[in-house]
There are 2 protein chains.
Amino acid sequence: MAGVAPITVSRAINRPELVTKDTLDHIREVIARTGYVPNLLAGGLASKRSRLVAAIVPTIGNSIFAEAVECLTDRLGEAGYKVLLGLSGYPSSREDELLATVLSRRPDAVFLTGITHSPESRQRLLAAKIPVVETWDLTPTPIDMLVGFSHEKLGRAVAAYLIGKGYRRLGLVWASDERAAVRRRGFEEAAAERGVTDIQVAILPAPGNLKLGRDGLAKLLDGPQRPDAVFCSSDALAQGVLTEAQARGLSVPGDLAIMGFGDLEFAPYTYPALSTVRIDRRAIGLLAAEAMLARFEDKPVEKIVDIGFEIVEREST
Amino acid sequence: MAGVAPITVSRAINRPELVTKDTLDHIREVIARTGYVPNLLAGGLASKRSRLVAAIVPTIGNSIFAEAVECLTDRLGEAGYKVLLGLSGYPSSREDELLATVLSRRPDAVFLTGITHSPESRQRLLAAKIPVVETWDLTPTPIDMLVGFSHEKLGRAVAAYLIGKGYRRLGLVWASDERAAVRRRGFEEAAAERGVTDIQVAILPAPGNLKLGRDGLAKLLDGPQRPDAVFCSSDALAQGVLTEAQARGLSVPGDLAIMGFGDLEFAPYTYPALSTVRIDRRAIGLLAAEAMLARFEDKPVEKIVDIGFEIVEREST
DNA sequence: GTGAAAGCGCTAACAA
DNA sequence: TTGTTAGCGCTTTCAC
């Protein structure tokens with residue numbers, strides 16, 4: 001319709017600097033007039049670049065993963081990429097089949113949650129020969145790239161922190177998820193090194209929520225050793241623990257200190273008594289996006305990025 | 001590699017009932033052995049069905065939209081569809097360009113938030129000739145299909161409820177978003193009909209959060225008329241209002257009744273004193289998915305689905 | 001700076 | 001039940 005070859009239109013859209021201004025203006029005018037929408041499926045097939053990035057997370061509902069996905073989507077969107085959402089559920093039960101179906105869309109990169117993947121999945125990812133960013137954890141042997149933090153160190157740090165504050169009867173209200181298990185191990189090891197060994201644990205199904213947190217604390221309080229400090233594997237559980245403590249008339253942190261994990265926004269303001277461990281969730285999405293974009297342009301990339309964590313102590317008001 | 005024509009492999013994958021068991025088994029064995037992954041980009045181009053559904057929401061971080069998207073993704077995933085995530089921000093500032101870029105991926109359907117779209121967007125959607133589901137609101141004239149509820153009715157219902165309880169000095173802590181504005185209108189109209197007109201309003205930027213809620217209540221309390229009941233445009237704001245009330249030593253609902261909107265999971269347990277309006281967020285995603293799937297199979301579909309709402313009253317404990 | 005030819009990896013339509 | 005042919009709408013490559 002513009003009286004030029006298809007390839008010229010393609011250039012006008014994708015590499016306008018290769019087209020004379022006059023031709024460009026004319027093509028753009030025709031595009032605007034006709035409402036032409038390029039077909040990126042066809043473009044992707046021809047160029048072998050889908051401009052799609054797959055993001056596989058357990059869940060985005062009320063969760064720490066939503067913000068990371070949001071940042072990833074925003075940053076990649078700026079560069080013309082769209083995010084294909086894959087929800088694997090807890091405990092990553094569907095990651096394998098999800099990965100298979102998602103790879104058939106030929107994404108240009110994959111964002112993964114965690115570092116534990118089946119041999120088939122690893123194999124498939126390697127075979128796809130695309131940038132892969134694992135997140136939320138640390139390992140010296142990522143599939144490709146990694147943005148996360150050490151759950152073991154985090155567990156250790158919290159144990160040291162609580163024991164340093166004088167607490168000795170420690171309890172855990174804990175979801176049965178894999179990364180949480182590593183935090184627990186770090187916590188128990190560091191506690192043992194300080195002579196605290198009799199740690200009470202209430203294990204609950206993932207993902208945690210307020211109700212489960214209440215149940216968890218109830219279990220601990222009715223157990224053999226009443227804890228004076230409870231560390232929770234998520235802020236959602238911590239809220240439940242706090243609620244149960246309030247319902248039972250316990251003062252926080254006087255009778256019972258409570259620590260959460262994740263620093264969900266509602267926690268800090270709502271419960272000034274509730275300390276937690278802050279993770280820069282937005283950084284995970286952003287850094288993952290940057291890593292992918294760098295790789296698309298063959299720029300050098302840091303393979304492993306440790307974003308760390310921060311213990312946030314809140315005063316009772 | 002399997003010694004059959006490409007189309008036979010295609011059938012073995014997509015319509016196995018058309019292939020003899022022996023051929024099928026053989027093809028499947030070869031697929032498993034070689035790790036063949038079909039290219040759905042090519043498939044989509046050839047069949048004109050991308051098996052992609054675009055979901056455009058303002059945000060998924062800490063938000064009521066995340067769960068709807070999650071349900072949509074789950075249900076569509078069962079049917080072999082993947083969700084392309086589009087985040088338009090508040091106040092849908094990027095919806096137009098987002099829609100353009102998303103449509104170039106040739107989605108088989110589109111999930112939209114709200115019923116207000118630019119003429120260009122409506123035009124583009126109509127031109128795409130695919131199922132479109134608008135959500136979170138109601139209108140007699142949807143672009144195509146609709147799953148939502150009436151914000152005006154909801155506002156009216158809350159006004160009637162509060163006034164019925166005897167409250168007369170009403171306040172609103174309100175985000176400046178479009179659907180909230182409709183709820184406000186309904187609220188004020190119904191209040192006026194009952195003789196309550198002097199409603200104090202604190203307007204805050206969207207999306208609301210706890211901090212903004214605190215600020216909002218502070219503004220109202222320092223204003224000319226101290227409210228005895230505050231309705232908030234979201235539960236996030238309501239939490240802030242509650243926090244501020246507690247910080248000022250007000251009893252809830254004794255000195256100040258607070259109503260939220262959205263029924264986020266943390267609200268009911270955390271604040272037994274906090275009533276709210278429950279929206280079935282999961283139903284929105286699920287019904288939208290069902291509507292799309294029905295249309296894909298040319299089954300009859302209810303064009304407009306009102307999922308209603310429910311005032312959830314909580315006792316103080 | 002622009003174009004012609006070929007082909008990306010599938011599936012629709014029709015044929016055997 | 002299986003195969004042949006053609007073509008989806010782009011981009012690559014190479015030529016002009």
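Chain identifiers are assigned alphabetically (A, B, ...) following the order of the sequence lines, protein sequences preceding nucleic acid strands; residue numbering begins at 1 within each chain. As the structure is a computational prediction, the values presented were derived from the model and not from experiment.
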> Listed by chain and number, what are the salt bridge (Lys or Arg N to Asp or Glu O under 4.0 Å) partners of B:Glu97, not counting sequence neighbours?
Replying inline: none

> For the pair made of CG in B:Leu45 and P in C:dC8, what is the distance, rounded to whole Å?
Replying inline: 13 Å

> Starting at CZ of B:Arg15 and ending at P of D:dT1, how long is that distance when rounded to a whole Å?
Replying inline: 12 Å

> Please give, in whole Å, the distance from C:dG9 P to A:Leu103 CG?
Replying inline: 16 Å

> How do A:Thr8 and B:Asn39 order along DNA chain C: which one's closest nucleotide is nearer the 5' end?
Replying inline: A:Thr8

>> Can you pull out the residues from residues 16-26 of chain A that lie within a 4.0 Å heavy-atom distance of DNA chain C?
In response: A:Leu18, A:Val19, A:Thr20, A:Thr23

> Partners of A:Thr34 by side chain to side chain donor-acceptor pair (under 3.5 Å), sequence neighbours excluded?
Replying inline: none

> What residues, two or more places apart in sequence or in another chain, satisfy salt bridge (Lys or Arg N to Asp or Glu O under 4.0 Å) together with A:Asp144?
Replying inline: A:Arg295, A:Lys303

> Nearest-Å distance, CD1 (A:Ile13) to P (D:dG9)?
Replying inline: 14 Å

> By salt bridge (Lys or Arg N to Asp or Glu O under 4.0 Å), which residues pair with A:Asp25, not counting sequence neighbours?
Replying inline: A:Lys21

> Would you call A:Glu29-A:Arg33 a salt bridge at under 4.0 Å N-O?
Replying inline: yes

>> Could you work out, with side chain to side chain donor-acceptor pair (under 3.5 Å) as the rule, every residue matching B:Arg15, not counting sequence neighbours?
In response: none

>> If the condition is salt bridge (Lys or Arg N to Asp or Glu O under 4.0 Å), which residues does B:Glu178 pass it with, not counting sequence neighbours?
In response: none

Every protein N/O lying under 3.5 Å from an N/O of nucleotides 11-15 of chain D:
{"residue": "D:dT11", "atom": "OP1", "partner": "A:Asn14", "partner atom": "ND2", "Å": "2.7"}
{"residue": "D:dT11", "atom": "OP2", "partner": "A:Ser10", "partner atom": "OG", "Å": "2.1"}

Validation: residues 126-138 of chain A side-chain donor-acceptor distances under 3.5 Å, sequence neighbours left out:
{"residue": "A:Glu134", "atom": "OE1", "partner": "A:Ile143", "partner atom": "N", "Å": "2.6"}
{"residue": "A:Glu134", "atom": "OE2", "partner": "A:His117", "partner atom": "NE2", "Å": "3.0"}
{"residue": "A:Thr135", "atom": "OG1", "partner": "A:Leu112", "partner atom": "O", "Å": "2.6"}

> Nearest-Å distance, NZ (B:Lys48) to C1' (C:dC10)?
Replying inline: 12 Å

